[in-house]
Amino acid sequence: MSAIRLRFAPSPTGYLHVGGARTALFNWLLARKLGGTFILRIEDTDVARSTEESVNAILEGMKWLGLDWDEGPFFQSDLFPVYREYVQKLLEQGKAYRCYCSAEELEAKRERALAEGRKPKYDGTCRGITHEIPGKPFVIRFRAPQDGVTSFDDLVKGPISFNNEELDDLIIQRTDGTPIYNFTVVIDDATMKISTVIRGDDHISNTPRQILLYEALGFPVPRFAHVPMILGSDKARLSKRHGATSVMAYRDMGYLPEAMVNYLVRLGWSHGDDELFSREELIEKFTVEAIGKSAGVFNPDKLLWLNAHYIKSGDPTRLAELLLPFLLERGVDPAAGGPELATAIVTLQERARTMLELADGALFYYRSEVCYDEAAAVKQLTPTQLPHLTAFARQLASWDDMTSAGVEALFKEFCAAQGIKMGMIGPSVRVALCGVTTSPAIYDVVAVLGREETMGRLERAISFITDRPE
RNA sequence: GGUCCCAUCGUCUAGCGGUUAGGACACUGGCCUUUCACGUCGGUAACAGGGGUUCAAGUCCCCUUGGGAUCACCA
């Protein structure tokens with residue numbers, strides 16, 4: 001393993017959303033490409049907002065996408081003593097100080113500053129207090145330099161610099177003694193020896209403060225790569241109103257993880273004109289340099305196209321496994337009878353874009369009591385069709401070759417013998433077997449269903465026509 | 001509002017000084033076809049605007065405009 005160490009550090013305040021998933025993916029890809037280490041760290045210092053359900057949801061999302069981690073998950077809530085130690089160190093060195101301003105006072109000052117058009121920056125009231133005030137609650141602030149420039153060379157955005165006067169003395173420890181994000185992230189990235197921080201570009205403005213902290217603590221500063229945001233169709237930050245944002249919601253909507261990975265990686269990263277990437281190709285071809293600088297709009301249509309591609313080209317046996325829950329949900333259990341699922345799937349792959357569509361399309365194979373679509377029945381299951389269907393059933397009964405090609409030959413021979421065209425028998429048989437006018441190729445359907453089941457369904461259709469009142 | 005980031009078809013993007021500005025999704029026309037699809041061939045569609053630099057600018061610089069992010073005892 002190389003010394004490259006990367007991490008994904010979500011906060012457990014919700015499910016794994018597509019933006020976070022892409023950040024995780026980029027980190028994972030680079031780690032795998034360079035033979036580095038990928039670390040998962042849960043940033044749960046905000047005890048009030050963090051939940052165990054969220055942690056589980058995030059882990060589940062990572063696993064679904066196939067993003068395995070080498071170390072962790074580490075929980076910041078387990079590291080409070082460590083943070084306390086470093087806070088103490090800064091305090092002793094005079095690089096941090098106690099601030100006794102109350103949250104209310106601060107809020108009032110901030111609003112006043114904003115109203116007067118000034119910067120809502122901490123005014124340094126407590127900067128000069130040298131002795132502790134017993135009994136009075138306090139937070140701890142980092143004593144940030146008030147002049148100079150802090151800059152860094154972002155791996156995706158290029159050189160970025162901030163005037164230190166824009167930065168204020170940020171709080172690193174709350175009144176209750178718990179540490180705050182901008183501080184813990186620095187301690188953890190430093191102690192975990194993270195070499196490159198890949199994260200969303202909404203963190204750019206935090207970066208100079210963090211760099212100042214690295215320097216104050218005497219830690220080496222890691223490299224930063226800020227990846228652009230993912231936007232909704234109206235170019236606003238992606239949110240629920242743009243549709244699903246949870247990666248697990250996409251699994252439930254019938255999406256394959258490889259489609260999601262392929263979609264996500266191409267949103268903001270490219271490799272020439274290539275669109276389709278296997279996991280291996282991604283590991284081989286991924287580079288941070290090829291990550292784009294601008295925000296991208298999440299395009300569900302393209303995701304759907306990719307999903308259709310992976311269903312079309314997927315291994316039927318694996319698809320069968322993944323499809324099972326969707327089938328059971330629809331009250332069908334292939335284990336209870338009917339054609340082998342993988343065999344049925346082969347006939348459906350190229351006409352399903354999601355596992356939901358695949359499941360819906362497969363239902364008729366497992367329902368002998370075909371439910372005829374009203375319009376289809378009126379058009380195809382008519383007295384005129386009766387002689388054709390009857391004759392066809394008779395010929396099928398003595399037909400040997402039940403492969404798809406064999407069935408096709410049967411149809412050809414039947415049509416020739418009857419002096420009719422395929423169009424006069426095909427559609428009726430389709431409705432008799434499937435109940436609807438759209439289905440896989442009829443030869444395939446007969447082949448998959450088998451002679452016995454096909455005969456049964458034909459006879460049922462014949463009875464249906466016979467019994468139907470005019 | 002301050003600060004920071006960004007800017008090629010509707011969308012994702014290729015392009016890294018000289019191209020008929022390419023690909024993909026979506027849309028659309030033809031072909032294939034027993035249905036629906038798939039597939040296949042073709043089409044519509046972009047360098048935000050203005051200044052520079054240069055023999056030459058989508059490519060480099062500046063400004064404008066537009067979009068986004070961030071300004072918490074959230075992460």
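Just so it is clear: chains get the letters A, B, ... in the order the sequence lines come, proteins before strands, and each one is counted from 1.
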Next item on the list: Grab the CD-C1' distance between A:Glu350 and B:rC32 for me, whole Å please.
Entry: 13 Å
Item checked: Residue met sooner reading RNA chain B from 5', once A:His271 and A:Met422 are mapped to nucleotides -> A:His271
Checklist line | Nearest-neighbour nucleotide for the A:Val297 side chain, B:rU13, B:rC12, B:rU35 considered | finding: B:rC12
Item checked: Complementary nucleotide for B:rC47 - Watson-Crick or wobble, under 3.5 Å -> none
Checklist line | A:Phe286/A:Trp269 aromatic ring centres below 6.0 Å | finding: yes
Check: In terms of the nearest nucleotide of RNA chain B, which residue is placed more toward the 5' end: A:Ser270 or A:Arg353?
Finding: A:Ser270
Margin query: Distance check, P atoms only: B:rG49 and B:rC38, in whole angstrom units.
Written below: 37 Å
Checklist line | Integer angstrom distance from the P of B:rG22 to that of B:rC16 | finding: 14 Å
Next item on the list: Would you check, one step at a time, whether the test ring-ring contact (aromatic ring centres under 6.0 Å, His included) holds for A:Tyr86 with A:Phe183?
Entry: CA-CA 9 Å; A:Tyr86 284 103; A:Phe183 183 68; 7.3 Å; no
Notebook entry, point to check: Say you pick atom C1' in B:rC61 and the same atom in B:rU3; how far apart are they, in whole Å?
Noted result: 22 Å
Next item on the list: Tell me, with the steps shown, if A:Tyr372 and A:Phe464 meet ring-ring contact (aromatic ring centres under 6.0 Å, His included).
Entry: CA-CA 10 Å; A:Tyr372 305 121; A:Phe464 174 83; 4.8 Å; yes
Next item on the list: Report the base-pairing partner of B:rC4 (Watson-Crick or G-U wobble, both distances below 3.5 angstrom), or none.
Entry: B:rG68
Item checked: Neighbours of RNA chain B within residues 184-192 of chain A, by heavy-atom distance under 4.0 Å -> none
Next item on the list: Provide the Watson-Crick or G-U wobble partner of B:rG10, both distances under 3.5 Å; none if there is no partner.
Entry: B:rC25
Check: Using a cut-off of 4.0 Å between protein heavy atoms and nucleotide atoms, how would you tag nucleotides 65-75 of chain B 5' to 3' with B, S and -?
Finding: ---SSSSSBBB
Next item on the list: Would you please classify the geometry between the A:His271 ring and the A:Phe277 ring as parallel, tilted or perpendicular, with 30° and 60° separating the classes?
Entry: perpendicular
Checklist line | N or O in side chain of A:Lys293 less than 4.0 angstrom from B:rC6 OP1/OP2 | finding: yes
Notebook entry, point to check: Which one, B:rU3, B:rC25, B:rU34, comes nearest to the side chain of A:Phe162?
Noted result: B:rU3
Notebook entry, point to check: With respect to the side chain of A:Lys302, which nucleotide from B:rC12, B:rU34, B:rC4 is positioned closest?
Noted result: B:rC12
Next item on the list: Report which part of the nucleic acid A:Ile442 touches: base, sugar-phosphate, or nothing (heavy-atom distance under 4.0 Å, all strands).
Entry: base
Check: Nearest to the side chain of A:Lys312, which nucleotide is it out of B:rU34, B:rC38, B:rG23?
Finding: B:rC38
Check: Would a line drawn from the ring center of A:Tyr263 to the ring center of A:His309 be shorter than 6.0 Å?
Finding: no
Notebook entry, point to check: After noting the C-alpha distance and the side-chain angles of A:Phe411 and A:Tyr443, does the key distance pass the ring-ring contact (aromatic ring centres under 6.0 Å, His included) rule?
Noted result: CA-CA 8 Å; A:Phe411 269 94; A:Tyr443 314 133; 5.5 Å; yes
Notebook entry, point to check: Touch check for A:Phe411, heavy atoms < 4.0 angstrom, all strands: base, sugar-phosphate only, or nothing?
Noted result: nothing
Check: Within the structure shown, what part of the strands sits under 4.0 Å from A:Glu275 by heavy-atom distance: base, sugar-phosphate, or nothing?
Finding: base
Check: For the side chain of A:Arg351 and the base of B:rC36, is some donor closer than 3.5 Å to an acceptor across the two?
Finding: yes
Note to self: Classify the ring geometry of A:Phe298 against A:Tyr250: parallel below 30°, tilted from 30° to 60°, perpendicular beyond 60°.
What the structure shows: tilted
Notebook entry, point to check: Taking 4.0 angstrom as the limit, do A:Lys157 and A:Glu289 come out as a salt bridge?
Noted result: no
Next item on the list: Determine which nucleotide pairs with B:rG39, using a 3.5 Å limit on both distances of a Watson-Crick or G-U wobble pair.
Entry: B:rC31
Notebook entry, point to check: What nucleic acid atoms does A:Gly361 come within less than 4.0 Å of, heavy atoms only: base, sugar-phosphate, or nothing?
Noted result: nothing
Checklist line | Minimum-distance pair of heavy atoms, taken over all atoms of A:Pro120 and A:Ala113 | finding: CA-CB, 4.0 Å
Checklist line | Pairwise C1' distance, B:rG18 and B:rU54 [rounded to whole Å] | finding: 12 Å
Next item on the list: Please say whether the positively charged group of A:Arg41, taken as NZ for Lys or CZ for Arg, lies over the ring of A:Phe74, i.e. under 6.0 angstrom from the six-membered ring centre and within 45 degrees of the axis.
Entry: no
Note to self: What contact category does A:Ala48 fall into here, base, sugar-phosphate, or nothing, at under 4.0 angstrom with non-hydrogen atoms?
What the structure shows: nothing
Next item on the list: Classify the nucleic acid contact of A:Thr437 as base, sugar-phosphate or nothing, counting any heavy atom under 4.0 Å across all strands shown.
Entry: base
Checklist line | Watson-Crick or G-U wobble mate for B:rG17, both contacts under 3.5 Å | finding: none
Margin query: Over all strands shown, is A:Gly272 touching base, sugar-phosphate only, or nothing at heavy-atom distances under 4.0 angstrom?
Written below: sugar-phosphate
Notebook entry, point to check: OP1 or OP2 of B:rC36 less than 4.0 angstrom from a side-chain nitrogen or oxygen of A:Ser439, does that happen here?
Noted result: no
Item checked: Any side-chain donor near an acceptor of the partner, A:Tyr83 and A:Asp188, under 3.5 Å -> yes
Checklist line | A:Tyr122 OH - B:rU3 C1' separation (whole Å) | finding: 22 Å
Next item on the list: In whole angstrom, give me the gap between the P atoms of B:rG39 and B:rA75.
Entry: 48 Å
Next item on the list: Answer yes if the side chains of A:Tyr310 and A:Asn262 hold a donor-acceptor pair under 3.5 Å, and no otherwise.
Entry: yes
